[in-house]
Amino acid sequence: MADEKKLTTRAEDFSAWYNELVLRAELADYAPVRGCMVIRPNGYGIWERMQQTLDQMFKDTGHKNAYFPLFIPQSFLQKEAQHVEGFAPETAVVTHGGGKELEEPLIVRPTSETIIYSMFAKWVQSYRDLPVLMNQWANVVRWEMRTRLFLRTLEFLWQEGHTAHASHDEAEEETRKMLGVYRDFMEGWMAMPVVTGQKTESEKFAGALRTYSCEAMMQDNKALQAGTSHNLGQNFAKAFDLKFQSESGAMEYAWNTSWGVSTRMVGGLVMTHSDDKGLVCPPRLAPLELVIVPIYRTDEERSRVLEGANRLKRSLDDWERRAPGRMRGENDARDGMKPGAKYYHWELRGVPLRMELGPRDIEKGQCVIVRRDTGEKASVNLLAIGEEVHERLIVMQDDMLIAARERREKHSVRHAISYDDFKSLMDGEGAFVYAGWCGSAECEAKVKEETKATIRCLPDEEFRSADTPTKCLRCGKASTEEALWARAY
RNA sequence: CGAGAUGUAGCUCAGCCGGUAGAGCACUCGCUUCGGGAGCGAGGAGUCGCACGUUCGAAUCGUGCCAUCUCGACCA
């Protein structure tokens, strides 16, 4: 059946489309444990590129990597009231080790604030020891009820930055700075535009003073929280006695921040760009930037074309503007598979550029380059092929961000909207709705109950509307804040 | 944790009126093919989710369990 080869389309069933795509593009597979997944090489390759990029960005902003234990004493989690309330329900607990019951159960980390700040307390004495700027790449476990590949699994991979500062303002600056780093990464590398802003009290991190987030719009017009940055105030410092002696000689509690992004971003990447043919991956994060598909009939053509394909591959590998071997390409010389089948194969897997090389191309000293995102084809001379490919990858990267931003704006509502219209919009195609909010948790909760939409964030200045909304979306009273409302993952 | 669905070959599923396990695709080998999912021939492949029961005999009937997926309450 030809239909078996096609994905369920986004229009038919967005959720089914996503699941099928992740499985068939071999990004991940279901593991034998409920709610857990195996990240396969195609998916892990994307994660590795995300890691490498972010890791460098963290180092460029002065952070150093470290590693803290997977197990956290249960009593640690309980030291910060809000924190334990938020995380206790979703923790995995180890009660036995080496065949014996443990004296104190160990929590498998859902996040590492407690254990990290307990150690910071040991290392920090003076204001001269501050700031402490650390990051760790780790796995964490949160016992979720309902899971989805990449978007929500019991165990996931992430990065958690943890810092300690001498003042509130310095911690706040760090919190905002790292949110900016996330935004730069998401837009510049993932080609995924985000709205940054502050979380409401009810949505903020358990134990934080303030939480900021990056919110991206998926193709079903739902929001995905793609990264968070928290100003933890002195909450954890007080819980773990993280104190320092200030310049004036007084003992003061340190100010902490934490910030993280996870493998969830891979899911966001998929839902931002991909189409009914499969994954569309922005070039900068693509493990494979291009694939060469040789085309031939006879044995004579075969040897001639394969030789040309190898030569092409080498010229890309050796292209002077990138370090040797840095152009990430593959020559798909598999025999017994027709070119068309190879096209579908690589389209499903999201390779940005396909280069078709046949006898006619060889004669003319050219090849056909096809862009994955637009399907646009061009015949390109082989003499300056490195330049041509490089240029196309850059343009494609930029175009993808522009397209995603246009899509988001098209589905954003910035005019006054009645609550009834809002409800039907959320039940229908969905949107990012910028509307007023009276500031009460009651209205926020009611809207969630009645429409399943939540305040994703109180957007930062640059995302706010030209005409500031004056009334609360639900109660109609005077608005104190402009809020971004949407259904979310 | 509530509701629904599904567990048979690597994948999608048929078989269910109990009586020796099937198809398509994929895979292996051979030949012919190759500018958008190739054709023919041969071949390999399954403790029918698990347990117990009914029966001369269970993929098929009964009971229980388990797992996964989807949808709801909680969340990066």
Side-chain angles (χ1 to χ4, degrees), chain A residues 1-6 8 13-16 18-20 23-24 29-37 85-91 110-111 139-160 182 199 202-206 211 213-216 223-230 258-268 277-278 293-299 301-302 305-306 332-348 354-362 366-368 370 375 377 379 448-449 452 454 456 488-489:
Chain A
M1 290 276 283
D3 282 356
E4 279 176 21
K5 293 180 174 171
K6 289 212 159 55
T8 297
D13 184 342
F14 191 81
S15 186
Y18 174 80
N19 287 330
E20 281 177 33
L23 294 172
R24 288 170 56 176
D29 201 354
Y30 294 107
V33 182
R34 180 194 80 84
C36 293
M37 68 172 179
E85 194 184 318
F87 283 104
E90 56 183 45
T91 51
T111 180
N139 58 338
V140 285
V141 169
R142 297 182 186 176
W143 215 261
E144 303 289 350
M145 285 301 167
R146 202 171 143 215
T147 56
R148 296 204 58 192
L149 294 167
F150 286 111
L151 302 173
R152 176 162 297 105
T153 47
L154 296 199
E155 180 192 8
F156 58 93
L157 305 183
W158 79 344
Q159 144 283 313
E160 49 182 322
Y182 287 157
K199 286 288 186 183
S202 65
E203 297 272 339
K204 77 176 186 187
F205 176 77
T211 291
S213 73
C214 294
E215 302 285 333
L224 181 79
Q225 178 176 302
T228 49
S229 186
H230 318 289
S258 69
W259 26 275
V261 294
S262 71
T263 39
R264 174 179 246 204
M265 288 193 297
V266 177
K277 291 193 286 191
V293 178
I295 298 157
Y296 46 82
R297 269 174 234 272
T298 62
D299 277 351
E301 279 180 356
R302 180 174 180 277
V305 170
L306 284 184
D332 187 355
R334 284 178 292 180
D335 224 339
M337 196 173 177
K338 291 176 76 174
K342 292 179 183 176
Y343 300 166
Y344 283 103
H345 177 89
W346 294 113
E347 279 169 355
L348 177 62
R354 176 175 81 234
M355 306 175 72
E356 305 173 6
L357 189 71
R360 296 202 294 271
D361 296 310
I362 301 244
Q366 64 177 37
C367 74
V368 174
V370 184
K377 282 192 186 191
S379 290
K448 183 174 182 181
E449 203 179 299
K452 289 176 197 155
T454 49
R456 298 321 305 154
Y489 275 95

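Labels below follow one simple rule: chain letters A, B, ... track the order of the sequence lines, proteins then strands, and each chain is numbered from 1.
A distance-only check finds no donor-acceptor pair linking the side chain of Thr153(A) to the backbone of Phe150(A) [under 3.5 Å].
For the OP1/OP2 pair of rG35(B) and a distance below 4.0 Å, the side-chain nitrogens and oxygens of Lys338(A) include at least one atom meeting the criterion. Dashed line: the shortest gap from a side-chain N or O of Ser15(A) to OP1 or OP2 of rC71(B) is under 4.0 Å. Distances shown here put every side-chain N or O of Arg146(A) at or beyond 4.0 Å from the OP1 or OP2 atom of rC74(B).
Comparing the same atom, P, in rU32(B) and in rC17(B) gives a spacing of 50 Å after rounding to whole Å. Rounded to the nearest Å, the gap between the P atom of rU12(B) and that of rC65(B) is 27 Å. Going from the C1' atom of rA23(B) to that of rC69(B) covers 25 Å, rounded to whole Å. Nucleotides rU8(B) and rG4(B) place their C1' atoms 22 Å apart, quoted to the nearest Å. Here the separation of rU47(B) from rC71(B), taken at their P atoms, is 32 Å to the nearest Å. Distance check on atom P: rG43(B) versus rU33(B) gives 24 Å, rounded to whole Å.
Comparing Arg148(A) and Leu224(A) by the nucleotide of RNA chain B whose heavy atom lies nearest to each, the residue mapping closer to the 5' end is Arg148(A). Toward the 5′ end of RNA chain B lies the nearest nucleotide of Arg297(A), the other residue of the pair Ala341(A) and Arg297(A) mapping further downstream.
Both stacking criteria are satisfied for Tyr344(A) over the base of rG37(B): a centre-to-centre distance under 5.5 angstrom and an angle between ring planes under 30 degrees.
Cation-pi geometry between Arg354(A) and Tyr343(A) is met: under 6.0 angstrom from the ring centre, within 45 degrees of the axis.
Counting any heavy atom pair closer than 4.0 Å across all strands shown, Leu151(A) reaches a base atom.
Side-chain contact of Ser213(A) with Gln225(A): a donor-acceptor pair under 3.5 Å is absent, judged by distance alone.
Side-chain to base pairing of Glu301(A) with rG35(B): no donor and acceptor N or O lie closer than 3.5 Å to each other.
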